[in-house]
**Student:** 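Next up is a structure, given as structure tokens.
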Amino acid sequence: MTTISNSAVPPVNPVELVDWFDTSARPLPWRAPGTTGWGVLVSETMLQQTPVNRVQPIWEEWMRRWPRPSDLAAESQGEVLRAWGKLGYPRRALRLHQAAGVIADEHGDVVPSDVDTLLALPGIGAYTARAVAAFAYGRRAPVVDTNVRRVVARAVHGAGDAGPPSTKRDLADVDALLPSDDATAARMSAALMELGQVVCTVRSPACESCPIAHDCAWQHAGRPAYAGPPKKVQKFAGTDRQVRGKLLDVLRGSTGPVGRHELDAVWSDAGQRDRCLDSLLVDGLVEQTADGRFALPGEH
DNA sequence: AATCCGTGGGG
DNA sequence: TCCCCAAGGAT
């Protein structure tokens, strides 16, 4: 059988993509020249599963308040959770706070540029480690997020969308596309993400304005529909995730500890409510005071 | 590998 | 309205 991935000519031309990125990329604040590794790490963490427009104002505030890792590390967990606001998945804030402490104490208050060192930090996984290495330090690193997976699925494999993720295979796919030199590879990684976000979108891809449409395998195949296994959509209404969110929202909005009765008001199912409060305590997102009330951690 | 972890906007 | 999903990570 013929194998597309082993063809001699790369299916995606780095120069075309980078040129397009240089002229068309959105001027996001964390892309501004002079953004520190810390700024990039904060942005990448906030952007995990959270849209750009919601992240932007919070990121600006964080950079103003905590311009270095040690600044954040010196803050209480509760204050960090409050400043995280409603970005969602607040455990990210806790892990970023922990990572800031490690960076301050063990890395001279400078975010590491080495992928393996980054991977050792809490809350930093395969995506974020490589995004920091590439975007903050100009390293050649295959940055694979949901957008890049879709672009590769279409442009390289001719499929309508990416199948289930497989870190090893996904990394290899993108690694094969990147040119050898660090600067261009890093730029191309950013370009692949941008393309997936603004052009090669899930529902209505703007192929007419795509810089690589002419050598896109999906285009040449007649843009077939996605044929892989059905995507799993997580429920939210009625789940522990919703209840935890409501409980935490009460604590974020309160200046001091709150009694159990105030928390009782957010959810009628007492069993689920108690289970969720317990899990928040276990996760370190909530602490219980000596008199039995509840508060954000480190604020009483 | 599958599941859990928040939140809010758009189709 | 409901359903999908948006720069993932940890277990």
Side-chain angles (χ1 to χ4, degrees), chain A residues 21 25-26 28-31 35 39-59 81 84-96 98-99 118-136 141-151 161-171 174 189-198 200-204 226 229-252 266-267 272 275-276 278-280 282-286:
Chain A
F21 183 73
R26 296 162 298 169
L28 301 175
W30 42 85
R31 286 176 175 167
T35 304
V40 172
L41 174 57
V42 172
S43 76
E44 293 302 339
T45 302
M46 290 180 170
L47 287 163
Q48 291 166 7
Q49 304 286 284
T50 303
V52 167
N53 57 356
R54 229 180 299 168
V55 164
Q56 188 158 334
I58 306 294
W59 183 84
L81 287 171
W84 189 259
K86 308 195 79 166
L87 287 182
Y89 295 137
R91 295 190 295 190
R92 290 181 293 167
L94 238 37
R95 291 181 178 132
L96 185 53
Q98 297 169 24
L118 286 161
L119 283 171
L121 295 169
I124 298 186
Y127 164 77
T128 303
R130 291 171 178 82
V132 169
F135 305 153
V143 177
V144 182
D145 76 331
T146 184
N147 296 298
V148 174
R149 283 176 14 82
R150 181 173 57 256
V151 170
D161 199 351
S166 161
T167 302
K168 189 174 178 180
R169 180 171 48 71
D170 295 341
L171 283 173
V174 176
S189 291
L192 284 168
M193 288 182 61
E194 183 80 355
L195 189 71
Q197 290 162 207
V198 306
C200 193
T201 60
V202 182
R203 298 185 187 174
S204 52
Y226 173 68
K231 311 273 186 180
K232 304 202 173 185
V233 181
Q234 291 185 343
K235 298 295 184 193
F236 178 68
T239 64
D240 286 3
R241 226 151 73 250
Q242 181 181 25
V243 178
R244 284 165 55 108
K246 285 179 176 292
L247 291 170
L248 215 47
D249 197 41
V250 171
L251 299 179
R252 271 197 306 264
V266 307
W267 199 253
Q272 185 178 20
R275 180 174 74 242
C276 288
D278 275 347
S279 73
L280 287 170
V282 169
D283 287 349
L285 287 163
V286 175

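Model, not experiment: these values are computed from the prediction. First the proteins, then the strands, lettered A, B, ... as listed; each starts at 1.
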**Student:** Please test A/T50 against A/R92 for side-chain hydrogen bond (donor to acceptor under 3.5 Å, both in side chains), starting from the C-alpha separation and ending with a verdict.
**Tutor:** CA-CA 11 Å; A/T50 303; A/R92 290 181 293 167; 2.9 Å; yes

**Student:** How far, in whole Å, is B/dA2 from C/dA7 if one measures between their C1' atoms?
**Tutor:**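 Each nucleotide's C1' atom is 22 Å from the other's.
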
**Student:** What parts of residues 241-249 of chain A reach DNA chain B, counting only heavy atoms under 4.0 Å away?
**Tutor:**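 Under 4.0 Å from DNA chain B: A/R241, A/R244, A/G245.
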
**Student:** Name all residues meeting the ring-ring contact (aromatic ring centres under 6.0 Å, His included) criterion together with A/W30; count only those two or more places apart in sequence or in a different chain, and write none if there are none.
**Tutor:**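 A/W59.
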
**Student:** Take the protein atom CG of A/L280 and the nucleotide atom C1' of B/dC4, then report the distance between them rounded to whole Å.
**Tutor:**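 Result: 13 Å.
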
**Student:** With a non-hydrogen cut-off below 4.0 angstrom, is A/R149 in contact with a base, only sugar-phosphate, or nothing?
**Tutor:**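 Counting heavy atoms under 4.0 Å across all strands, no contact is made by A/R149.
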
**Student:** May I ask you to say what A/N53 touches in the nucleic acid, namely base, sugar-phosphate or nothing, with a heavy-atom cut-off under 4.0 Å?
**Tutor:**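 Result for A/N53 = nothing.
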
**Student:** Only counting residues at least two apart or in another chain, list the ones meeting side-chain contact (heavy atoms from CB on, under 4.5 Å) with A/P229.
**Tutor:**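 A/P229 satisfies side-chain contact (heavy atoms from CB on, under 4.5 Å) with A/P164, A/Y226 only.
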
**Student:** Do A/D249 and A/R252 sit within salt-bridge range, that is, some charged N less than 4.0 Å from a carboxylate O?
**Tutor:**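 A salt bridge is present here (some side-chain N lies under 4.0 Å from a carboxylate O).
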
**Student:** Compare all side-chain heavy atoms of A/P90 with those of A/L248 and state whether any distance is below 4.5 angstrom.
**Tutor:**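 Yes. Closest side-chain heavy atoms under 4.5 Å.
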
**Student:** Nearest whole angstrom, please: distance from the P of B/dT7 to the CE of A/M46.
**Tutor:**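 For the pair A/M46 CE and B/dT7 P, the rounded distance is 15 Å.
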
**Student:** So, applying side chain to side chain contact (heavy atoms under 4.5 Å, CB included) with A/T128, which one of A/L119, A/D145, A/L41, A/L118 is it?
**Tutor:**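 Looking at A/L119, A/D145, A/L41, A/L118, the match for A/T128 under the side chain to side chain contact (heavy atoms under 4.5 Å, CB included) is A/L41.
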
**Student:** Mark up nucleotides 4-11 of chain C, 5' to 3', with B wherever a protein heavy atom is under 4.0 angstrom from a base atom, S wherever such an atom reaches only the sugar-phosphate, and - elsewhere.
**Tutor:** BSBBBBS-

**Student:** Using salt bridge (Lys or Arg N to Asp or Glu O under 4.0 Å) as the criterion, list what pairs up with A/K231, not counting sequence neighbours.
**Tutor:**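 In terms of salt bridge (Lys or Arg N to Asp or Glu O under 4.0 Å), with neighbours along the sequence ignored, A/K231 is linked to A/D161.
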
**Student:** Rounded to the nearest angstrom, tell me the gap between atom CG in A/L285 and atom C1' in B/dG6.
**Tutor:**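 To the nearest whole Å, that distance equals 11 Å.
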
**Student:** Residues in salt bridge (Lys or Arg N to Asp or Glu O under 4.0 Å) with A/R169, at least two apart?
**Tutor:**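 Partners of A/R169 by the salt bridge (Lys or Arg N to Asp or Glu O under 4.0 Å) criterion come out as none, since no residue qualifies.
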
**Student:** Please report, rounded to the nearest Å, how far the C1' atom of B/dC4 is from the CG atom of A/D278.
**Tutor:**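 For the pair A/D278 CG and B/dC4 C1', the rounded distance is 17 Å.
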
**Student:** Using a heavy-atom cut-off of 4.0 Å across all strands, would you classify A/P165 as base, sugar-phosphate, or nothing?
**Tutor:**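 Counting heavy atoms under 4.0 Å across all strands, no contact is made by A/P165.
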
